[in-house]
Amino acid sequence: MNRIAVYPGSFDPITKGHEDLIHRSLGFVDRIVVGVAVNVAKQPLFSFEERVALIRECVADKRVEVQSFDGLLVDFAKKVGATVIIRGLRAVSDFEYEFQMALMNRNLGPQIETIFLVPAFDLTYLSSSLVREVARFGGDVSALVHPAVQQALKRKFKK
Ligand code: PNS
């Protein structure tokens with residue numbers, strides 16, 4: 001059986017927390033399609049093309065494919081043949097939004113299950129928005145992101 005999962009998000013940019021969840025997911029699915037949302041609520045730092053390219057650089061595994069998507073997540077999941085949506089839960093503060101989203105996605109696509117994964121303990125505080133903020137003010141993000149992302153952040157914030 002070829003079990004396919006979608007791992008959706010803004011990935012603005014991908015962090016080691018995201019990478020950790022991708023590797024954990026490969027423990028129970030055959031393929032992962034990382035779905036980069038084109039239209040995110042906030043104005044992204046990186047274009048969707050840049051976000052896709054960075055994920056491809058960070059995750060070099062034949063079982064992981066990266067695509068951008070526009071529109072509903074469940075439609076994207078159906079299009080790529082996924083039966084599972086992967087989301088990370090870092091803290092209680094994530095829960096309400098994630099719970100709402102999972103129930104809405106179940107309403108829209110009852111055949112697709114959402115699975116929540118907990119990242120490695122030392123990555124639970126990590127978020128793309130924190131990484132952007134630290135990098136914007138010249139802080140060291142080398143422990144938080146892949147070197148390719150670190151370089152991309154340096155280029156973005158170069159004065
Ligand atoms: O990394 P993020 O910003 O938490 O990811 C949120 C994302 C992209 C997964 C979510 O906004 C999404 O699924 N957008 C696609 C539109 C959609 O399907 N909305 C209904 C789900 S409740």
Side-chain angles (χ1 to χ4, degrees), residues 3-26 28-29 31-59 61 63-136 141 144-146 148-150 152-153 156:
R3 196 174 286 280
I4 303 170
V6 158
Y7 180 36
S10 310
F11 302 103
D12 187 35
I14 182 170
T15 68
K16 288 202 173 172
H18 296 124
E19 289 180 43
D20 178 58
L21 285 201
I22 291 169
H23 292 123
R24 284 175 197 281
S25 304
L26 287 171
F28 59 88
V29 297
R31 271 182 56 214
I32 299 175
V33 181
V34 180
V36 178
V38 172
N39 288 316
V40 286
K42 42 259 148 156
Q43 176 67 32
L45 175 65
F46 292 98
S47 68
F48 75 84
E49 293 96 339
E50 289 172 318
R51 288 179 273 140
V52 166
L54 282 174
I55 300 169
R56 288 191 178 135
E57 263 195 85
C58 297
V59 187
D61 189 306
R63 295 167 294 173
V64 181
E65 192 186 317
V66 190
Q67 291 187 29
S68 59
F69 75 99
D70 212 351
L72 286 177
L73 172 58
V74 287
D75 291 340
F76 175 65
K78 283 180 205 161
K79 193 184 91 179
V80 300
T83 50
V84 166
I85 294 169
I86 305 285
R87 290 290 288 174
L89 266 188
R90 291 162 303 186
V92 178
S93 52
D94 283 343
F95 183 76
E96 199 171 332
Y97 169 62
E98 294 298 336
F99 187 65
Q100 267 189 320
M101 201 155 73
L103 288 176
M104 180 57 80
N105 284 331
R106 178 180 285 163
N107 187 43
L108 296 167
Q111 65 281 43
I112 301 168
E113 286 297 340
T114 298
I115 296 182
F116 294 110
L117 294 184
V118 176
F121 185 71
D122 56 340
L123 299 172
T124 47
Y125 67 96
L126 191 49
S127 69
S128 296
S129 57
L130 270 186
V131 164
R132 290 196 303 272
E133 183 160 327
V134 172
R136 185 185 303 275
V141 293
L144 316 177
V145 296
H146 186 282
V149 175
Q150 197 186 353
L153 285 163
K156 280 280 172 200

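All ligand and atom numbering here is 1-based and tracks the order in the structure.
- Within the listing of ligand 1, atoms 8 (C) sit less than 4.0 angstrom from a heavy atom of Ala37.
- When Leu72, Val36, Val74, Ile85 are ranked by how near their heavy atoms come to atom 19 (N) of ligand 1, first place goes to Leu72.
- A distance-only check finds a donor-acceptor pair linking the side chain of Thr15 to the backbone of Gly17 [under 3.5 Å].
- For Tyr125 and Phe121, the distance between ring centers is not under 6.0 angstrom.
- Looking at Met104, Arg87, His18, it is Arg87 that brings a heavy atom closest to atom 5 (O) of ligand 1.
- Of the protein's non-hydrogen atoms, the one nearest atom 3 (O) of ligand 1 is Ser10 OG, 2.5 Å.
- For Asp94 (side chain) and Arg90 (main-chain N/O), a donor-acceptor pair under 3.5 Å exists by modelled atom type.
- Using cut-offs of 30° and 60° for the angle between ring planes, the Phe11 and Tyr7 rings count as perpendicular.
- Under a 4.0 Å heavy-atom criterion, Phe11 is not in contact with ligand 1.
- Relative to atom 18 (O) of ligand 1, the option among Val6, Val38, Asp70, Leu73 with the closest non-hydrogen atom is Leu73.
- Nearest protein heavy-atom neighbour of atom 16 (C) of ligand 1: Gly71 O, 3.4 Å.
- The presence of a protein heavy atom under 4.0 Å from atom 21 (C) of ligand 1 is confirmed.
- Protein heavy atom in closest approach to atom 10 (C) of ligand 1: Met101 SD, 3.9 Å.
- In this structure a side-chain-to-backbone donor-acceptor pair under 3.5 Å is present from Arg56 to Val66.
- Under a 4.0 Å N-O distance rule, the pair Lys79/Asp75 does not qualify as a salt bridge.
- Considering all non-hydrogen atoms of both residues, Ala148 and Glu57 come closest at CB-OE1, 3.4 Å.
- A donor and an acceptor atom, one from each side chain of Gln67 and Glu65, are located under 3.5 Å apart.
- Close approach of ligand 1 to Asn105 (heavy-atom distance below 4.0 Å) involves ligand atoms 21 (C).
- Between Phe69 and ligand 1 there is a heavy-atom distance shorter than 4.0 Å.
- In this structure, the protein non-hydrogen atom closest to atom 11 (O) of ligand 1 is Tyr97 OH, 3.9 Å.
- Remark: ligand 1 atoms within the under-4.0 Å shell around heavy atoms of Gly9 are 1 (O), 5 (O).
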